[in-house]
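Shown next, in C-alpha cells, is the structure this report addresses.
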Amino acid sequence: EIINTNPDDPITLNSDKTRLTIESANDNYKIKIYTVALCELTIKVCDANEGDITDSKYSFEVKKNSSDGPVIQPKTPNYYVGIMPSTQLYINATEGFGSKYDIAGWEIKKASDTAFSGLTTGSGKDKRSFSITENTIVRLILKEKMFRVEWGVEGGDAGFGVKVNGHPF
C-alpha cells in the first residue's frame, strides 16, 4: 500500500512491486519504507483423532473483508499466502458429491498458540470467519455419516431378505 502525502506528485509502484517511482519531483522528498510480515493460512481436513482425511471431497473458498468480499486464491490446495495481518477471513467449506463425511466442528491454531481451540464464529456449520494476525492453521473436523434404518414385522412368521450392493446381508 502506498500512502502519498503530496497528491500533486504521484508515487507509483511497478507491477512486480519491486520499484517505487516519484512521477514529478517538485519538492524535497523523504521516503520511508515499512515492511509487514504477511500471514499464511493452511486448512487441514481431519477426523476427531487428528488423523488426516484425504478423500473428504470437501473444497474451500476463502474470502477477505466480508462474506461477499474478494476470493483469495490458494498457492497450493488449502494453502493461502500473502495475507495482510488483521484481515478478516471468511471460509466456506463445500461438500462434494459422494462425500461420506459430515462436519463435526472447526478448530484454529495461530503460530504463537500451543494447542488448537474451537473456531465457532460463522453462520452455519459450513462457514467460519476470523481475523488473521499471524500464520494460522484451521482444521475442519469431519465425522463419517451415520444412517439409521429401522423396520418391523407385525404378525406371525414373516420372513424377509436384505441385500446390500447385491450381496445378502
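Everything quoted here is computed from the prediction, not taken from an experiment.
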Should [X] and [Y] be counted in the same cluster of Ile, Leu, Val, Met, Phe, Trp and Tyr side chains packed under 4.5 Å apart?
X	Y	result
L119	I137	no
W106	I141	no
I91	I83	yes
I108	V81	no
L89	F116	no

Take atom NZ in K44; do more than 12 heavy atoms of anything else shown fall under 6.0 Å from it?
no

Can you find a heavy atom in the side chain of [X] that is under 4.5 Å from one in the side chain of [Y]?
X	Y	answer
K64	P70	yes
L142	D102	no
V138	T42	no
C39	I132	yes

Measure from the side-chain N and O atoms of D47 to the backbone N and O of G51, and report whether any donor-acceptor pair falls under 3.5 Å.
yes

Using a 3.5 Å distance criterion without hydrogens, assess whether the side chain of S99 forms a donor-acceptor pair with backbone atoms of S56.
yes

Which residues pass the salt bridge (Lys or Arg N to Asp or Glu O under 4.0 Å) test with R128, not counting sequence neighbours?
none

What pairs with K63 under salt bridge (Lys or Arg N to Asp or Glu O under 4.0 Å), at least two apart in sequence or on another chain?
E61

Return the CD1 to CG distance between I72 and L41, rounded to the nearest 0.5 Å.
7.5 Å

Pairs meeting criterion side chain to side chain donor-acceptor pair (under 3.5 Å) with involvement of residues 74-96, two or more places apart:
E40-Y79, E95-K145

Quick one: name the residues clustered hydrophobically with M146, using the 4.5 Å side-chain heavy-atom rule over I, L, V, M, F, W, Y, and just say none if it's on its own.
none

For T54, the side chain to side chain donor-acceptor pair (under 3.5 Å) test, sequence neighbours excluded, returns none

Pairs in or reaching into residues 134-144: which pass salt bridge (charged side-chain N to carboxylate O under 4.0 Å, His left out), with residues at least two apart or in two chains?
E50-R139, E107-R139

Determine whether D126 and Y58 satisfy the following criterion, side chain to side chain contact (heavy atoms under 4.5 Å, CB included), listing intermediate values before the conclusion.
CA-CA 10 Å; D126 59 342; Y58 275 79; over 6 Å; no

Looking only at heavy atoms, what is the nearest atom pair of A93 and L140, with distance?
CB-CD2, 4.1 Å

Pairing residues for D55 by the side chain to side chain contact (heavy atoms under 4.5 Å, CB included) criterion, not counting sequence neighbours:
I53, K100, Y101

